[in-house]
Amino acid sequence: EYTTIVGPTGAGKTVLLESLAGLHAAESGRLWIGGTDMTLAPPETRGMSIVYQDCALFPHLSVKDNVLFGLKVRSKKKAEFDEVLSWVDSLLAIKQLCNRLPSTLSGGERQRVALARALVTRPRILLLDEPLSALDAESREEIRATLKSLHRQLGVTIMHVTHDFEEAMSLGDRVVVIHRGQIMQVGAPRDVFYHPVSEFVARFTLARNIFAGKLSGMENRQPLFQTGNLLLTVAAEKATATFAVVRPEMIHVSLEKPAGDNVFSGTITSLEDRGAMIWLEVACGITLRCLLHRQQYERLGVKPGQTVFLSISAESVHLI
């Protein structure tokens, strides 16, 4: 699997990764790798490689010597070096960088070299500690595609720490959300994104619309959730609920009143243009935050102070 571990700064993500690698002794619990208890095993026997955000390349060594460092430490024969370099070059295109020093490389190039150094020892598990966070947008997209390709080609287990949930969504088969050293939720990215189990997870995944309230009877055989003076029709069958969560992209904005559940009129109080996406805040008894694609925004021609209609399907209201 490609597992992403997400959480805010200080949540314990890096400590968890380094505990798996054997750089910190576990205070409790056991670590099993391939059916073998490796809790007390020294780091070099665990079959793991770790790549840090800052790459941690040796500044005085060439790219080639950085990449081959792990093999030299393991006293591998020089005859293997060319074969290994050819193999990692096929994966990461580093051959043209081999004679350069790390100080002459771009951020994306440094990260590719760090990945190559981690892979030459053929690890069973690859640990990545925020490998994209220090890169510019173009390099970030490049390395993200590289990581997807590496996982597909090598089939290596990857555990990737990040504080960026969009990054976790795009890369992970499974997402682990942690906060203050505790696992808050584990699941497929879409499940965590659209079905958070706590207010913290909802806020961390940028749900934006999180309202305290309570279930308040039925209407047309559907439960109602009351928040302030607003009633939301919901699809979920729950005995109790203290929060309703509506993701901003799940709110339909229109100039004419549509049919359906949860239709409200309101006034646009704020509009933030972020290029491809437009954020709206609409006051309709409560403030709802909505997300429009550029094409939809230009078609509607909305502006602050304008009255619009909002529509939210009952299935889009998630209860906690």
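Position 1 is the first residue of the sequence; numbering continues from there.
- Proximity of a side-chain donor or acceptor of T146 to a complementary backbone N or O of E142 within less than 3.5 Å is detected.
- Within 6.0 Å of CG on D37 lie more than 12 heavy atoms contributed by other residues, nucleotides or ligands.
- Panel note: side chain R274, backbone W279; no donor-acceptor pair is recorded below 3.5 Å.
- When atom types are taken as modelled, the side chain of D89 and the backbone of I94 share a donor-acceptor pair closer than 3.5 angstrom.
- Residues passing the ring pair (Phe, Tyr, Trp, His ring centres under 6.0 Å) test with F193, sequence neighbours excluded: F165.
- Under the 3.5 Å distance criterion, the side-chain polar atoms of H160 are left unmatched by any main-chain donor or acceptor of G172.
- Between R110 and D54, none of the side-chain N atoms (NZ, or NE/NH1/NH2) sits under 4.0 Å from a carboxylate O, so this pair counts as no salt bridge.
- For E166, the CD atom is loosely surrounded, since the number of other residues' heavy atoms within 6.0 Å does not exceed 12.
- Note that R180 lies outside the cation-pi zone of F200, set by a 6.0 Å cut-off to the ring centre and a 45° limit from the axis.
- Atom OH of Y297 sits about 6.0 Å away from atom CG of D273, to the nearest 0.5 Å.
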Quiz prompt | Steps toward side-chain contact (heavy atoms from CB on, under 4.5 Å) verdict (H151, L126) | solution = CA-CA 10 Å; H151 185 246; L126 182 61; over 6 Å; no
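- A 4.5 Å side-chain heavy-atom check between L291 and R208 finds every atom pair outside the cut-off.
- A donor-acceptor pair under 3.5 Å is formed between the side chain of R247 and the backbone N or O of L206.
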Exercise. Show your working on salt bridge (Lys or Arg N to Asp or Glu O under 4.0 Å) between E141 and R144 and close with a plain yes or no.
Key: CA-CA 5 Å; E141 288 299 316; R144 185 181 297 174; 3.4 Å; yes
Practice problem: Report the C-alpha distance between L215 and L319 in whole Å, list the side-chain angles of each, state the deciding distance to 0.1 Å, and finish with yes or no for side-chain contact (heavy atoms from CB on, under 4.5 Å). | Solution: CA-CA 9 Å; L215 287 168; L319 299 183; 3.8 Å; yes
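- In summary, the side chains of S149 and Q153 do present a donor paired with an acceptor at a separation below 3.5 Å, with no hydrogens or angles considered.
- Around the CZ atom of R100, the shell of radius 6.0 Å holds more than 12 heavy atoms that belong to other residues, nucleotides or ligands.
- A side-chain donor-acceptor contact under 3.5 Å links D136 to the backbone of E138.
- Residues passing the ring pair (Phe, Tyr, Trp, His ring centres under 6.0 Å) test with F243, sequence neighbours excluded: none.
- Contact between A283 and T269 at its shortest, heavy atoms only, is CB-CG2, 3.8 Å.
- Side chains of P8 and H163 form no contact here, defined as non-hydrogen atoms less than 4.5 Å apart.
- No more than 12 heavy atoms of other residues, nucleotides or ligands lie within 6.0 Å of CG in N99, so this atom counts as exposed by the packing criterion.
- Other residues, nucleotides and ligands place no more than 12 heavy atoms under 6.0 Å from the CD1 atom of I183.
- Within 6.0 Å of the NE2 atom in H293, the count of heavy atoms belonging to other residues, nucleotides or ligands does not exceed 12.
- Placement of L115 and M159 in two distinct hydrophobic clusters is found when ILVMFWY residues are connected by side-chain heavy-atom separations under 4.5 Å, directly or transitively.
- D164 has its side chain out of reach of L132: every pair of non-hydrogen atoms, C-beta onward, lies at least 4.5 Å apart.
- Panel note: side chain Q185, backbone V197; a donor-acceptor pair is recorded below 3.5 Å.
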Self-check item: Intermediate values then yes/no, side-chain contact (heavy atoms from CB on, under 4.5 Å), M38 and T45
Solution: CA-CA 9 Å; M38 302 290 282; T45 66; 4.2 Å; yes
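- Panel note: side chain K13, backbone I5; no donor-acceptor pair is recorded below 3.5 Å.
- Side-chain contact between V282 and V253 is absent, with no heavy atoms from C-beta onward closer than 4.5 Å.
- In this structure, a donor-acceptor pair under 3.5 Å is present between the side chains of E167 and T162.
- A donor-acceptor pair under 3.5 Å links the side-chain atoms of T39 to the main chain of L31, judged by distance alone.
- The environment of CD in Q182 is sparse: at most 12 heavy-atom neighbours from other residues, nucleotides or ligands sit within 6.0 Å.
- Residue pairs satisfying the side-chain hydrogen bond (donor to acceptor under 3.5 Å, both in side chains) criterion with at least one member in residues 254-267, sequence neighbours excluded, are absent.
- Heavy-atom neighbours of Q295 CD from other residues, nucleotides or ligands within 6.0 Å: at or below the threshold of 12.
- Not one N or O on the side chain of N209 forms a donor-acceptor pair closer than 3.5 Å with the backbone of L288.
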